[in-house]
Amino acid sequence: MSLDLRSSYAPLLALAGTVGLLGGFLGAPPTWLLAWVGLLLPLLALVARWSPVRAGVGAAVLGVAAVALWPVPLMWGPASWLEVCGAAAFWAVPALGALAAGGHLRRQASRMRQAVRDGRRDQQLELARDLHDFVAHDVSAIVVQAQAARFVADKDPEQAVRALERIEAAGLGALASMDRTVHALREAAGARSASVPGTSELPGLVERFEGGVLDADPAAARALSREADTTAYRVAVEALTNVRRHAPGAAVVRVRLHRAAEGIELSVANSAPARGAAGLLGLGLRRRSGTGLAGLRGRVEAAGGTLRAGASADGGWRVCAVFPAQGRALG
């Protein structure tokens with residue numbers, strides 16, 4: 001409905017109410033007045049639903065008065081004041097009911113708009129957290145590779161060159177994550193669905209991680225709901241980021257997505273860090289981000305899953321998230 005049409009309801013009701021009042025007191029026929037009341041009632045509802053408050057109040061007062069007072073001129077003389085007031089009160093009821101119906105629709109529409117705004121804001125905050133975690137993963141890789149390149153630059157220039165290549169790849173990955181998330185934020189502002197990476201991007205994620213090994217069952221991935229799929233990817237990103245921060249000397253990091261007895265399991269397990277890697281931890285790699293595994297636990301539980309993290313038997317660390325499988329077969 002256009003804005004111009006909405007703004008015309010209040011003046012139209014004011015005009016119709018004025019004409020109705022004048023017609024009643026100037027002796028218009030009762031059938032004409034009753035038909036005029038039938039016109040005023042839907043106008044009252046439309047004003048309560050669409051008109052600006054300031055303009056609508058005055059028009060609504062005139063409309064209610066015209067509906068309530070239309071029988072008064074017909075009763076003038078033979079009826080008592082009590083009967084006149086009773087008739088006016090009786091006809092005021094449908095007028096007030098029309099206003100209440102329009103006001104109820106107005107409140108419902110306002111609540112719906114507020115819910116949409118809240119949903120967009122929550123979606124934008126969620127995407128901002130995704131951007132933080134995805135970029136933090138690539139930036140931590142850049143930091144580790146830069147530190148490694150500095151240590152081996154003099155002794156092994158070839159290793160330094162390979163580290164620089166990995167830094168370049170991680171930087172491009174961070175830029176791609178930022179571009180994708182900014183695009184998704186713009187889509188969210190336009191009330192369109194924003195795409196978030198899922199388990200289909202695990203191969204590229206693990207490939208960029210030095211020492212990463214991926215074992216993913218495509219059938220298990222298909223059995224994840226959309227929310228569980230994106231959350232599983234978030235778990236993998238956060239777990240790999242923590243490996244870079246807290247266990248940069250780990251030789252192997254295994255990422256596995258498969259069907260388990262409880263459902264669909266995503267696990268990220270790193271081997272024990274090699275000796276001498278603790279020197280890198282003194283360069284600030286123990287600093288934590290604002291999200292981390294504690295924040296992921298709530299996301300996993302919201303997707304219907306469970307999250308466990310702890311030391312493994314070989315001295316490494318293992319993060320495991322289990323999600324419910326969808327009803328379809330995994331064949």
Steps toward side-chain contact (heavy atoms from CB on, under 4.5 Å) verdict (Leu224, Gln326): CA-CA 6 Å; Leu224 290 172; Gln326 291 184 332; over 6 Å; no
How many angstroms lie between atom [atom1] of [X] and atom [atom2] of [Y], to the nearest 0.5 angstrom?
X      : Y      : atom1 : atom2 : answer
Ile264 : Arg222 : CD1   : CZ    : 10.5 Å
Thr199 : Leu214 : OG1   : CG    : 10.0 Å
Ser267 : Arg308 : OG    : CZ    : 9.5 Å
Arg254 : Ser312 : CZ    : OG    : 11.5 Å
Trp50  : Leu105 : CH2   : CG    : 9.0 Å
Leu21  : Leu69  : CG    : CG    : 6.0 Å

In terms of heavy-atom contacts, does [atom1] of [X] have more than 12 from other residues, nucleotides or ligands at under 6.0 Å?
X      : atom1 : result
His258 : NE2   : yes
Arg162 : CZ    : yes
Glu207 : CD    : no
Arg54  : CZ    : no

Pair Arg226 + Asp229: basic N to acidic O under 4.0 Å: no
Under-4.0 Å salt bridge between Glu265 and Arg318: yes
Does [X] reach the side chain of [Y], with side-chain heavy atoms less than 4.5 Å apart?
X      : Y      : result
Leu22  : Val19  : no
Thr306 : Glu301 : no
Gln108 : Met112 : no
Leu40  : Trp70  : no

From CA spacing to verdict: side-chain contact (heavy atoms from CB on, under 4.5 Å), Tyr233, Leu205: CA-CA 9 Å; Tyr233 182 79; Leu205 177 70; 3.9 Å; yes
Distance-only polar pair, side chains of Arg111 and Gln114, donor-acceptor under 3.5 Å: no
Phe323 reachable from Leu307 in the ILVMFWY side-chain graph, under 4.5 Å edges: yes
Residue pair Leu62, Leu13: steps toward the side-chain contact (heavy atoms from CB on, under 4.5 Å) verdict: CA-CA 8 Å; Leu62 273 174; Leu13 177 61; over 6 Å; no
Nearest heavy-atom neighbours spanning Ala16 and Trp36: O-NE1, 2.7 Å
Minimum-distance pair of heavy atoms, taken over all atoms of Ala59 and Ala10: CB-O, 3.2 Å
